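I have placed the structure first, in the form of structure tokens, so that the comments after it can refer back to it.
Keep in mind that the numbers below use all heavy atoms, side chains included, and drop hydrogens, waters and symmetry copies. Chain naming here is simple, since letters A, B, ... match the order of the sequence lines and numbering starts at 1 in each. Note that the structure is a prediction, hence the values are computed from the model and not measured.
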There are 2 protein chains.
Amino acid sequence: MPVTIHDVAQRAQVSASTVSRALSASHLVRGTTRERVLAAARELGYQPNPAARSLITGRTGNIGIVVPDLNNPFYTGVLRGVQSRARQGGYAVFFADGEEDPVAEEALVRAMSRQVDGVVVCAPFASDAQLRSLAGLTSLTLLNRRLRDIPAALMDSAGGMRQIVDHLAALGHRRCAYLNGPNNAWSNRERRRGLRAAASRARMAVVEFGPFEPKFEGGVQAADLALADGVTAIIAYNDLMALGVLSRLADRGVAVPQEMSVVGFDNLLYAAVCAPPLTTVAMPMEAGGRAAVDLLLSGIDGTGDGAGPHRELPTNLIVRATTAAARSRSARPHVDNRRPAAGHAASGPTAAAVHRPSGGRSAALPE
Amino acid sequence: MPVTIHDVAQRAQVSASTVSRALSASHLVRGTTRERVLAAARELGYQPNPAARSLITGRTGNIGIVVPDLNNPFYTGVLRGVQSRARQGGYAVFFADGEEDPVAEEALVRAMSRQVDGVVVCAPFASDAQLRSLAGLTSLTLLNRRLRDIPAALMDSAGGMRQIVDHLAALGHRRCAYLNGPNNAWSNRERRRGLRAAASRARMAVVEFGPFEPKFEGGVQAADLALADGVTAIIAYNDLMALGVLSRLADRGVAVPQEMSVVGFDNLLYAAVCAPPLTTVAMPMEAGGRAAVDLLLSGIDGTGDGAGPHRELPTNLIVRATTAAARSRSARPHVDNRRPAAGHAASGPTAAAVHRPSGGRSAALPE
DNA sequence: TTGAAAGCGCTAACAG
DNA sequence: CTGTTAGCGCTTTCAA
């Protein structure tokens with residue numbers, strides 16, 4: 001049977017209200033009394049009952065986070081950032097894994113909404129309408145998703161793409177492949193947008209493939225398609241796919257980076273330790289998590305600092321060992337099987353769409 | 001201003017208690033009344049206030065989990081299992097990352113204790129006393145940690161080691177290295193124990209190194225030591241270290257598995273996709289998380305099924321491409337630098353201790 | 001500066 | 001089967 005505020009009051013010879021004040025609004029109570037109360041509380045090991053407190057104050061001291069997939073190290077990085085910042089601010093965190101299902105995500109937020117003061121939502125697949133409806137239930141902050149009037153921490157994917165393109169262009173690459181992640185994911189649209197813009201400026205041709213599952217297997221699948229096209233560099237939607245590409249290229253006897261350059265996105269731990277170490281764009285995962293919490297709490301505490309509700313975090317290219325000067329077009333000793341026919345490949349989910357520097361947009365991949 | 005039970009009562013033309021009953025103990029209320037109440041609740045979008053409910057019932061409907069390091073994919077696997085099972089049981093989950101600091105871990109559990117019905121604790125470094133003291137605050141279930149009277153989900157590390165030893169022995173390996181993880185981690189002690197027992201039975205010599213940081217870098221560091229000793233196989237405390245070993249061996253020009261076999265532990269995603277794919281022991285991470293929650297809830301709901309409080313989950317060896325028949329001792333073309341002197345190496349944290357089949361225990365690594 | 005009293009929203013006796 | 005009553009532990013008026 002836990003100790004209550006009355007036990008403390010009795011031991012300190014004061015009323016419960018005085019104990020309450022001594023604990024939360026200490027300036028309203030005389031110094032000596034406060035000492036006495038605090039001592040009593042310590043001796044008894046008193047811990048306020050959060051339910052009772054929350055019942056009257058209307059605040060819970062908790063925040064929530066929902067992520068689409070805990071197996072993806074990207075989100076565990078975000079989770080770390082969220083948790084550490086929340087703890088600093090005295091908040092505990094509720095956690096839920098939506099398992100990439102938008103309806104589960106919505107249900108989870110709904111379930112949480114009564115016991116948190118706000119929630120950080122990583123929901124690349126949820127619809128705008130869903131998100132807005134959730135915003136009616138509790139304070140929301142989005143991660144990597146831009147929605148008018150809803151605060152969000154954004155990572156500058158487009159800027160990362162620009163850095164990739166500049167890097168590859170400087171190495172003499174004129175024609176690159178982009179392996180799309182899920183078409184309905186904000187990050188993929190953002191990366192593709194940044195890529196098209198940068199490629200157009202750099203007069204680099206981009207051949208698009210996909211969408212693919214943003215995992216190792218997706219990369220394996222994609223590698224063959226890119227190889228058949230004759231590009232000199234492959235830009236993957238994320239590191240997991242890039243790892244799949246590397247694996248497949250190794251199997252096919254294509255030397256990286258001599259015969260093919262490969263770039264990923266995210267800078268997961270494994271990008272640094274695979275062989276050869278992967279050139280990739282570092283996404284500020286923990287910083288993103290922290291920023292999301294800051295935004296959320298500043299909304300909750302009313303300490304909104306007048307800055308707009310969207311905070312954009314910089315990304316930066318990490319050049320490792322999978323990118324090098326473009327090979328000459330003739331030297332491809334080990335590659336034996338090509339894509340069968342160009343016409344047929346234009347349909348279905350793995351169709352390629354050449355995006356020319358002119359800026360024209362392919363019909364196969366409308367945005 | 002959220003809708004309360006009274007709003008529903010008014011709309012359904014009943015008292016608040018009837019609403020309450022209709023919602024939680026529906027058999028105590030007439031069918032037609034229940035319908036009416038449920039309809040009213042739905043129309044109003046009523047969601048019970050968990051704080052008020054918990055205040056009177058004394059239960060929160062939440063459980064907590066604390067992990068030592070969210071960057072370790074092992075724990076994110078556990079987290080997934082915990083979350084999915086908790087959700088099935090209607091529980092929400094509080095989450096905290098102890099960041100490998102035992103005092104932080106304790107503080108986190110303490111902070112959680114008032115707003116959860118129990119917590120799953122992954123605390124390889126906390127002392128027994130700390131854990132017992134926490135068990136006084138709230139229901140606890142441990143993961144991979146055996147403590148009398150406290151329920152725990154255990155993974156059979158020792159059994160995994162036995163499988164490794166049998167596998168290597170069958171391949172003709174007579175002398176293997178074990179790279180210790182943290183000495184105070186339960187899993188490491190357990191693995192070492194299983195290894196010694198199995199090696200003794202198989203008449204295999206085991207040379208121990210470490211302890212090392214259970215990460216990629218630790219494996220890199222350890223690889224050189226093991227190489228200098230002339231073993232034909234290296235068993236790493238976990239996959240992260242094994243990956244470091246593979247990387248270092250590749251740098252040193254040692255062919256895996258021809259010249260050296262390598263085995264990991266955990267079966268992380270990356271063990272399957274690295275090159276060459278890693279032979280390792282699969283730890284049932286999600287199943288462990290689910291089992292821990294089952295244990296916890298069966299204690300909470302009083303549905304303890306009479307089974308002892310410790311549930312042991314099986315592990316199994318996944319043979320991939322980093323293990324092969326032992327090389328003959330003479331063929332080591334690429335290895336150039338050896339460990340300087342045997343005597344000196346017996347002190348300090350990276351000392352080696354040969355564990356002979358006799359079962360004698362080395363003084364350098366007391367248990 | 002302190003205490004008494006009145007709830008926050010809900011559930012659990014206890015009557016009817 | 002349903003309504004009335006009495007709190008759960010805390011904070012917050014309002015008086016003193």
Sugar-phosphate only, base, or nothing, as touched by A/S54 at under 4.0 Å among non-hydrogen atoms: nothing

Donor-acceptor contact below 3.5 Å, side chain A/H6 vs main chain A/S15: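 A pair under 3.5 Å: no.
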
Using whole Å, what does the distance between atom [atom2] of nucleotide [N] and atom [atom1] of [X] come to?
X     : N     : atom1 : atom2 : answer
B/Q10 : D/dG3 : CD    : C1'   : 16 Å
B/L28 : D/dT2 : CG    : P     : 10 Å
A/R36 : C/dT2 : CZ    : P     : 8 Å
A/H27 : C/dT2 : NE2   : P     : 13 Å

side-chain hydrogen bond (donor to acceptor under 3.5 Å, both in side chains) contacts touching residues 135-145 of chain A (sequence neighbours left out): A/D128-A/R145

Heavy-atom protein contacts under 4.0 Å, nucleotides 6-13 of chain C, coded B base, S sugar-phosphate only, - none: -BBBSBBB

4.5 Å side-chain heavy-atom contact, A/F95 and A/L79: yes

Within-4.5 Å side-chain heavy-atom neighbours: B/R311 and B/L313: yes

Value rounded to 0.5 Å, distance of OG1 in A/T33 from CD in A/Q13: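 One finds 12.0 Å between OG1 of A/T33 and CD of A/Q13.
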
SB check B/R146 B/E312 (cutoff 4.0 Å): yes

Under-4.0 Å side-chain N/O to phosphate OP1/OP2 contact, A/T33 with C/dT2: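 Answer is yes, contact under 4.0 Å.
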
